[in-house]
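We name chains A, B, ... by the order of the sequence lines, and we start the count at 1 in each one.
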Amino acid sequence: MTARRIIPCLDVRDGRVVKGVRFEGHVDMGDAADLAARYRDEGADELVFYDITASPEGRTLDYGWVRHIARLLDIPFSVAGGIRSVEQAGRCLDHGADKVSINSPALERPDLISDLAARFGSQCVVVGVDSKRSGDDWLVHQYTGDTTASRGAGRRTLDWIIEAQTLGAGEIVLNCMDEDGVRRGYDLGQLAAARARLTIPLVASGGAGAASHFLDVFTSANVSGALAASVFHTGALRIPELKAYLAGSGVEVRP
Amino acid sequence: MSTVTVVSYGAGNVASVQFALERLGATVRLTADPVEIADAERLILPGVGAAGYAMARLSELELIEPIRTYGRPLLGVCLGQQLLFETSEEGGGAPLLGLIPGTVRKMDPGADRPVPHMGWSALTVTRTDPLLEGVKDGDWAYFVHSYACPDGDATLACADYGGSVPAVVRNGNRWGCQFHPERSAATGARILRNFLDLSA
């Protein structure tokens, strides 16, 4: 088996980590490289860097910055933000990223997923999905890094994740937007529904506020990893304490 | 200080391997030049993506023979380990380098385990080896793969993922790691340091 992964997510703007509540009102949380090194030392299993303004601004990541992070880390990391071509993804990987995560550009052109998988292999291709409850269902949103650009993508979440998997995605990160930044726990129902439909790894995102929320999402929704931001950035929860708690509750984690 | 040559052929996570070696103080040379590869003191063959694509790249660059006949320590990483074997089911039976007997097959770990095998798995060391000096049972390594090497005489360490997955292999002076040592924290650094310390 694999250990359940604890994945701090760094939303990055100009080299600084920022965090909002339900994707709005961003506050500065510190230097991205400093935080990345701290999480590496504390036992994070993987890191995700989202350049949250890249996609709405129609640009992509700073490759020099990717290289800087790659030199620093001895754990895997993925990068996201405005990657909309095989060439751009290749440059991220060439500069030391392990995976690229695509979101809005995959919705614009789903074949981007299969193009990336064919060229770099599925294991490099993460599809991030921003999902919001709508009645009894969940719908995909796009351009969520900018509240003025954010909008519905006209797709059901549970359909889109299957399409992404079929096209060659190696992993799905499901951001449950209703829970983002509010720290009352992951959306277990939505994540369990997604897990039941996928054969590739699923990573939970949105809503972590306490160690028990991680236990719940691993035991109830059977996800491979749990991503969280503010709960780690603020120091409310430290990774070593979280892992000790999970191990004590019978969840396999890497100490 | 050790000098290590990394095969840079457009199908590998070359930068992350380079940075991991540099963190250990090694001098790293990236090249796709057949002569430089043949002359290397020690050689790392990285690789991510599809086996067929990687072999086509090696062929275009005229690197298959220099790697096949390379006699000093060689370490294949991830797909680079798989390329050491004879054939892969990936891409409908792609011929590989043929340095270790056997066929690389699509993983089938059972319905409750996602594929790719992506994440940290504990190692079980099945044979002592200089590459695994200081590595213990239960040490964690980071894996990302959908195809697995055959378990056989070459296996030095395994991971368990719905069955035994060869994690470290060796045939003579050719070693392979299925996981990513460059992304496997202290365990990976130890293995890379051991590789740099092998007498060339």
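- Between A:E46 and A:K99 there is a salt bridge, since at least one side-chain N of the basic residue sits less than 4.0 Å from a carboxylate O of the acidic one.
- The choice from B:S121, B:P109, B:S16 that makes the most heavy-atom pairs within less than 4.5 Å of chain A is B:S121.
- With a 4.5 Å cut-off on non-hydrogen atoms, A:R67 touches chain B through its backbone and its side chain both.
- In this structure, the portion of B:Y142 lying under 4.5 Å from any heavy atom of chain A is its side chain and not its backbone.
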query: Please walk me through it: do B:R42 and B:L198 pass side chain to side chain contact (heavy atoms under 4.5 Å, CB included)?
result: CA-CA 9 Å; B:R42 64 196 75 234; B:L198 293 171; 3.8 Å; yes

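- In terms of heavy-atom pairs under 4.5 Å with chain B, the best-connected choice from A:Q123, A:R119, A:R71 is A:R71.
- Between A:R38 and A:D41, no side-chain nitrogen of the basic residue sits less than 4.0 Å from a carboxylate oxygen of the acidic one, so the salt-bridge criterion is not met.
- Heavy-atom distances place both the backbone and the side chain of B:A185 under 4.5 Å from chain A.
- Separation of the B:Y161 and B:F143 ring centroids does not fall under the 6.0 Å cut-off.
- Neither the backbone nor the side chain of B:V14 comes within contact range of chain A, judged by heavy atoms closer than 4.5 Å.
- For B:S184, the part lying under 4.5 angstrom from a heavy atom of chain A is the backbone only.
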query: Step by step, would you call A:D98 with B:H180 a side-chain hydrogen bond (donor to acceptor under 3.5 Å, both in side chains)?
result: CA-CA 10 Å; A:D98 298 282; B:H180 285 278; 5.6 Å; no

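- With respect to chain B, the highest number of heavy-atom pairs below 4.5 Å among A:G121, A:A97, A:G96 belongs to A:G96.
- Residue A:R5 touches chain B through its side chain alone, counting heavy-atom pairs closer than 4.5 Å.
- Residue B:H117 touches chain A through its side chain alone, counting heavy-atom pairs closer than 4.5 Å.
- Geometrically, A:R254 engages B:W120 in a cation-pi contact defined by less than 6.0 Å to the ring centre and at most 45° from the axis.
- When heavy atoms are compared at a cutoff of 4.5 Å, B:E90 does not approach chain A at all.
- A ring pair (Phe, Tyr, Trp, His ring centres under 6.0 Å) check over residues 36-61 of chain B, counting only residues at least two apart or in different chains, returns nothing.
- The main-chain N or O of A:W138 is never found under 3.5 Å from a side-chain atom of A:R156 such that the two would form a donor-acceptor pair.
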